[in-house]
Amino acid sequence: MWPLLRLRNVRHNYNGRTVLDIAELSVSAGTITGLAGPNGSGKSTLLKILSLAARCTSGTVYLRNRPVLPFDPEAHRRISLLPQEAYLLRRTVFDNISYGLKIRGQKNQFRDSVAAALELVGLDPSFAGRFWNQLSGGEAQRVALAARLALKPDCLLLDEPTASVDMESARCIRRAILLARREWGTTLIIASHNQSWLDDLCDTIIYLYNGRILECSLENVLLGPWLQNNRREFYKELADGQFIHVPPPPHPDSSAVIASAVLKLSGAPSGSSRTLTGTVSGIFFDKHFTEPRIHIVCGDHRFVACVPDMNLNGGDLLPGRTVTLSYQPEDISWLEK
Amino acid sequence: MWPLLRLRNVRHNYNGRTVLDIAELSVSAGTITGLAGPNGSGKSTLLKILSLAARCTSGTVYLRNRPVLPFDPEAHRRISLLPQEAYLLRRTVFDNISYGLKIRGQKNQFRDSVAAALELVGLDPSFAGRFWNQLSGGEAQRVALAARLALKPDCLLLDEPTASVDMESARCIRRAILLARREWGTTLIIASHNQSWLDDLCDTIIYLYNGRILECSLENVLLGPWLQNNRREFYKELADGQFIHVPPPPHPDSSAVIASAVLKLSGAPSGSSRTLTGTVSGIFFDKHFTEPRIHIVCGDHRFVACVPDMNLNGGDLLPGRTVTLSYQPEDISWLEK
Amino acid sequence: AQQKPLMMATTTSTDNTGLLEYLAPLVKQATGIDLKWVATGTGQALKLGENCDADVLMVHAPAAEKAFVEAGFGLNRREFMYNDFIIIGPEGDPAAIKGKDTCTAFKAILDSKAVFVSRGDDSGTHKMELALWKQCAEAVPDKESWYRQAGQEMLATINIAGEQNGYTLTDRGTYITYEANLGGNPPLKILVEGDRKLLNQYSVIEVNPERCPKAQQELARKLGDWLVGKEGQDAVAAFELMNKQLFFPNAAKN
Amino acid sequence: MDFILEGIAKAFVLLLQGDPETYSAVWATVQAASMSMTASLLVGIPLGYLLGYLNFPGKKGVRTVVDTLLSLPTVFIGLIVYAFISNRGPLGEFGLLFTLTGIAIGQTILALPVVIALTATAVESLDRSLRPTLISLGATRMQIFLTSVREARLGILIAAITASARVLTEVGISMMVGGNIKWHTRTITTAIALETNKGEFATGIALGLVLLAIAFVISFSLSFLRRRA
Amino acid sequence: MDFILEGIAKAFVLLLQGDPETYSAVWATVQAASMSMTASLLVGIPLGYLLGYLNFPGKKGVRTVVDTLLSLPTVFIGLIVYAFISNRGPLGEFGLLFTLTGIAIGQTILALPVVIALTATAVESLDRSLRPTLISLGATRMQIFLTSVREARLGILIAAITASARVLTEVGISMMVGGNIKWHTRTITTAIALETNKGEFATGIALGLVLLAIAFVISFSLSFLRRRA
Ligand SMILES: Nc1ncnc2c1ncn2[C@@H]1O[C@H](COP(=O)(O)OP(=O)(O)OP(=O)(O)O)[C@@H](O)[C@H]1O
Ligand SMILES: Nc1ncnc2c1ncn2[C@@H]1O[C@H](COP(=O)(O)OP(=O)(O)OP(=O)(O)O)[C@@H](O)[C@H]1O
Ligand SMILES: [Mg+2]
Ligand SMILES: [Mg+2]
């Protein structure tokens, strides 16, 4: 079976500046894919291209191996996007949610669909009669999502669906997403900065950085600039006065990425390894990893490390305890600029 | 010393519907106050009224015990608000950030202020030349914040400053907020759904629910409807089939709130207490509590409980472990509708 | 100090034919009067006089002029020139009026129901036409479908008649212009002319300074004097359009 | 001054006593304006939408041309249309001269730049996230057009009102192309011009008020489209 | 048809050979239009802003009235202004009749509803979060006005262009109040009317093109304000 969506050699420019450059990306039908990355890394641009809402400067989008363009008669109505800044039509909530059904030629009987969509996003049915400008920020965001859910699309792309949404509603949206996949077989691609929400929901997560897909995750990213000491070692000083040492960076401003597996909890430095001391701020369970993960704050910076079960002795790792991390500078990799 | 800002008997209506009703609220100078609450609870409305950007339907806003109205000549330029949906002027980022300085009659020399403000929100100085519509969602949000920071206001109100902002930048904004208080003595009031970010930053947190200030925190809120069994006990079924029992609700649709201290980790039920079984998903350290806090997932729902240090035996509470919570239904309280 | 210009309200025919532009420098030279004029319909010209917005009037609607003077708005009405009206129509002449006298022609048009285009704007020409209908056919055929009331300037009216193959009554000056505009071979030809009834009398009237204190009666009198005097009369006689004399001085009969 | 009061009184008389000449002119005005407004809205709104919506090289030039055409003098349009539909013109055989249809052709030329320029501006002022939102909901190009027009309804409404005001008040075209023929092509504005020329200022005022009454009926009925924008 | 081509040729002759009568009319047109546009923009933009910005009871009624006033016929305005500034009118002593200032007064009345209605619509179409944002940045009421106008510049620009087109092309006021006096108050449009009356259609066309040239200069110079909206 072909992947539902596939990008090849896609590149997108704004005013001549390349903001997206993806050689190859496939999304299989029925999966939930997360999209993570810092501001400006190209998540929204990628979602617009994948949803055929915009055309990439160069490259091809395939839908089940067929190249497709915006307004493709077949694909157009099966893929839906919740843009980051969704526009609400200057009408009632009811009209907003039923709009997509109406333009699909569906006749009347929107009432049930609209009520069902509102319930999915955790809004009271009485909201249907409200006007677009009588909503709070989070309510508007949820109405926009409801308008997409009402369409029961084959493929749904969500750009920051939980921005300015309360925690209870974020859980509600999570349930709606899982329901969409289960009941309608919807394939989902979701960009979000709510890392734990995303981790919890998605089958796979794609990390974007400067318009490129990263091979690793973006757990511990340290921005430049990097200094050099008189032994020609590169380092950066953290806010609490500790130093972190790195291999020679490609550029003094490059960003270093330290995979959580690189940071060991064995306190004593051995050979060429270096150490960092910090305070545990939390321990998590993340379904993408077999081991629990621990957050350690060093000065201003929060590091994520893996906790092999054998390392757990008593309550040593509970929040508030001080621990020592060790790492090999050579294991630190660099992000392309 | 009078509180910097004080509200008395403030009530706000939209189309005759009361969305805010606050008898008394004071904010002391130099503090950082958080504002939490579900969508539509009135946070944005409250911030607009506090910042004198809107006038309340009835009631009084005091600035250092002097009643003030919008456009108050003295207060107007000392209080600044970052609205939830900040509007960027159809100009460059530079012009947007320097706008507030310009209308204050400041002459030239914006260059340094703009560069400093951009740095505070973690944006490269090269952004100054971009046009308003050449920004990603999170970049736009940070530019809007920079425009307020550039004013060095006495009082700064932020409505969802971290919505659609990446984690690194959220930390950056946190540093900027702390710097504003330290260097300029700015008083801050911040509405956010990013509970952990808010917990970490604020001196006090105010919880809003349906336009009213809550006495408790909003940690574990369970929405209705509530059912009654043949023993006339009220309960709700969780997604995993467990039941949670509550005292008689004021209304079958009322929301119950269970303070984290009510949920005990002592596994065995005693007397009239009830139990819930769940999986630990994380442990945190929260500066507002002396003890670490634990997140436990039961079915669809995540509960927060306190962990008295004495309860910590070995790695029992590490993420992934199964634990039992017990509670007295009478300790559960109700939110006013 | 420079003298204030003399404001004249006049009809479009004197302006459109170029007569005033020809006379103005001569007036200036002879009397020192700086002549300014507003060219409108006769009715509006009389109204401007009535409202004291002009010092002197040059119009061609004798009955209305007399009423104007009798109402005390104007003084010293002096006739000083005329031109003549003609009946023009399509070369085919469906009502067969060519060479007939005016009344016969009007009756023939009425009987044959051939298209007749009326100015319909209360101008001097229109008033003349209405008088002729009453005189020759008892009533104005106001609502007849062949009787088209244009409500426009003379030239536009002729154009309408031309487009609709109709007859119309026009002053000779405008017809000469029309003829020239169409390169000397217009679809409408002169069919009736030279009848005594078809005289188009122009006069000059001074605005009454008793009603209008600012009216410059002295200058107005001076202009009138010049127009009826030999110099003015000769100048009128010498004015030609397309090498044809348009206006005929007749101040002598005053 | 008196003629203003007199004119106001006369306006009531004309309207209430049903003066046939006035009603004939009202009817001619309404007929010509309906034809020209229908044509100019049908053509102008899509063109204005495209001009505001698309980005193409030379767009700025096209806008400048449209803006310039806002200043087409009515007599000039009248002359051009006359040249085409006069008996000696290329379209002479259709017999459009001195008809309301002829007037409507000229008025369409007059109204088109207004509709196009104001529609383009209204569409340009739409929120830039409208288009991706509509696409993401599955709207076709035609549906995007229709919905954008509806979202820009305030701006397009005022475009229509401004254009119809321009058409209702123009004299030059009606005079030149229509000929101001009583009972046929005499519109209110040509009647006003005629009465004023005749020195019947009060009647001119009265007819002006009649025109304003028509305009009021139009803007009043359209104002309901303006609710809740 | 021929007179159109002839007119186009003649337009070049008039403009390039510097025909003094044409230049006098151009100058009169420009003077009157500058005065009236200055006045109507200075008064109309603030009023339009308030109308679009404020919410007050009866606002809808005011908008309907303004929309209706878009249909003020020029001859009607001419008559009203004439009534006031005629020698027997209340303002007769100022000697405004048959002057460019008099024309400009009438043209201001003509342009005001256009500026007000279109500015109000442009302001109403502004993003609703502009106002709280400006207040939150410390803008005074005056600064909010100025910034809102700048943010709505596309709409207000087209309001100015539409109004100036209306003013440039009007005949009724210039004719009635100005009197079409050669070398003094003869504007291009009254000159076109005169030439057309005289049957000089080619000259009419030529003068119409001259007017369009002025309009082009105006919209071309204003089009630079349109960059980057
Ligand atoms: N219309 C535009 N014109 C020019 N540059 C743009 C435009 N839109 C976005 N950009 C730039 O393109 C890059 C990618 O933007 P994009 O919106 O895809 O980022 P993102 O990953 O969605 O960020 P965020 O998390 O802030 O939403 C950014 O550097 C941004 O500044
Ligand atoms: N302009 C308006 N007209 C009518 N009702 C409004 C308007 N703005 C907000 N509301 C309603 O007022 C209530 C409070 O809104 P507010 O924006 O203050 O909520 P909020 O706490 O900021 O929510 P969010 O977390 O979604 O931003 C909500 O019920 C909302 O629906
Ligand atoms: Mg984005
Ligand atoms: Mg809010």
Side-chain angles (χ1 to χ4, degrees), chain C residues 4-18 20-21 24 34-41 44-45 47-55 73 121 152-159 162 173-183 186 207 209 211-216 241-242, chain E residues 1-4 6-7 10 20-21 24 28 75 78-100 102-103 171-187 190-205:
Chain C
K4 266 186 71 184
L6 180 69
M7 179 60 68
M8 177 160 84
T10 181
T11 60
T12 42
S13 54
T14 53
D15 192 24
N16 287 357
T17 52
L20 288 175
E21 260 190 77
D34 201 358
L35 189 63
K36 261 169 115 180
W37 65 90
V38 176
T40 68
Q44 192 180 342
K47 259 301 192 280
L48 286 174
E50 189 183 323
N51 285 335
C52 310
D53 295 319
D55 303 311
F73 300 143
D121 64 348
Q152 293 210 64
E153 307 291 354
M154 193 67 250
L155 192 75
T157 307
I158 298 177
N159 269 321
T174 311
Y175 181 74
I176 293 172
T177 314
Y178 168 73
E179 203 177 16
N181 281 343
L182 289 171
V207 170
R211 280 190 77 254
C212 305
K214 282 203 220 158
Q216 310 183 72
L241 186 65
M242 312 294 159
Chain E
M1 282 303 285
D2 321 336
F3 65 78
I4 297 184
E6 205 183 309
K10 192 155 185 177
E21 290 190 24
S24 157
V75 185
L79 280 172
I80 304 275
V81 173
Y82 170 77
F84 279 86
I85 67 176
S86 139
N87 275 322
R88 290 171 65 87
L91 308 177
E93 62 203 287
F94 298 107
L96 294 169
L97 192 63
F98 306 135
T99 63
L100 292 176
I103 296 179
V171 197
I173 298 167
S174 302
M175 203 55 120
M176 186 76 212
V177 178
N180 189 23
I181 299 171
K182 196 167 167 184
W183 306 120
H184 294 272
T185 56
R186 177 162 301 167
T187 62
T190 58
I192 296 176
L194 176 65
E195 294 299 336
T196 311
N197 272 339
K198 288 182 2 191
E200 299 284 349
F201 293 169
T203 314
I205 293 280

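So that the names make sense, note that chain A is the first sequence line, chain B the second, and so on, each numbered from 1.
Only the backbone of E:T196 comes within contact range of chain C, with heavy atoms under 4.5 Å apart. For C:E21, the part lying near chain E is the side chain, with the backbone staying farther off; criterion is any non-hydrogen pair under 4.5 Å. For a residue to count as touching a neighbouring chain, one of its non-hydrogen atoms must lie under 4.5 Å from one of that chain's; by this rule E:L97 touches chain C with the side chain only. Interface residue C:M7: only side-chain heavy atoms are found under 4.5 Å from chain E. Using a 4.5 Å cut-off between heavy atoms, C:L48 contacts chain E through both its backbone and its side chain.
With 3.5 Å as the limit, one finds no donor-acceptor pair spanning the side chains of C:N51 and E:S86.
Between the CZ atom in C:R211 and the CZ atom in E:R88 there is a gap of 4.0 Å [rounded to 0.5 Å]. Within the model, atoms CG of C:D15 and CG of E:N197 stand 9.5 Å from one another, a figure rounded to the nearest 0.5 Å.
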Would you sort out whether E:K198 and C:E153 count as a side chain to side chain contact (heavy atoms under 4.5 Å, CB included), showing the intermediate values?
CA-CA 9 Å; E:K198 288 182 2 191; C:E153 307 291 354; over 6 Å; no
Would you please test C:V38 and E:F98 for side chain to side chain contact (heavy atoms under 4.5 Å, CB included) and show each step?
CA-CA 9 Å; C:V38 176; E:F98 306 135; 3.6 Å; yes
Start with the C-alpha distance between C:T40 and E:N180, add both sets of side-chain angles, then the distance that settles side chain to side chain contact (heavy atoms under 4.5 Å, CB included), and finish with yes or no.
CA-CA 10 Å; C:T40 68; E:N180 189 23; over 6 Å; no
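Residues E:M176 and C:Q44 are in side-chain contact: their nearest non-hydrogen atoms beyond the backbone lie under 4.5 Å apart.
The minimum heavy-atom distance between C:K214 and E:E93, with the atom names listed, is NZ-CA, 4.0 Å.
The local environment of CZ in E:F84 is sparse, with at most 12 non-hydrogen atoms from other residues, nucleotides or ligands closer than 6.0 Å.
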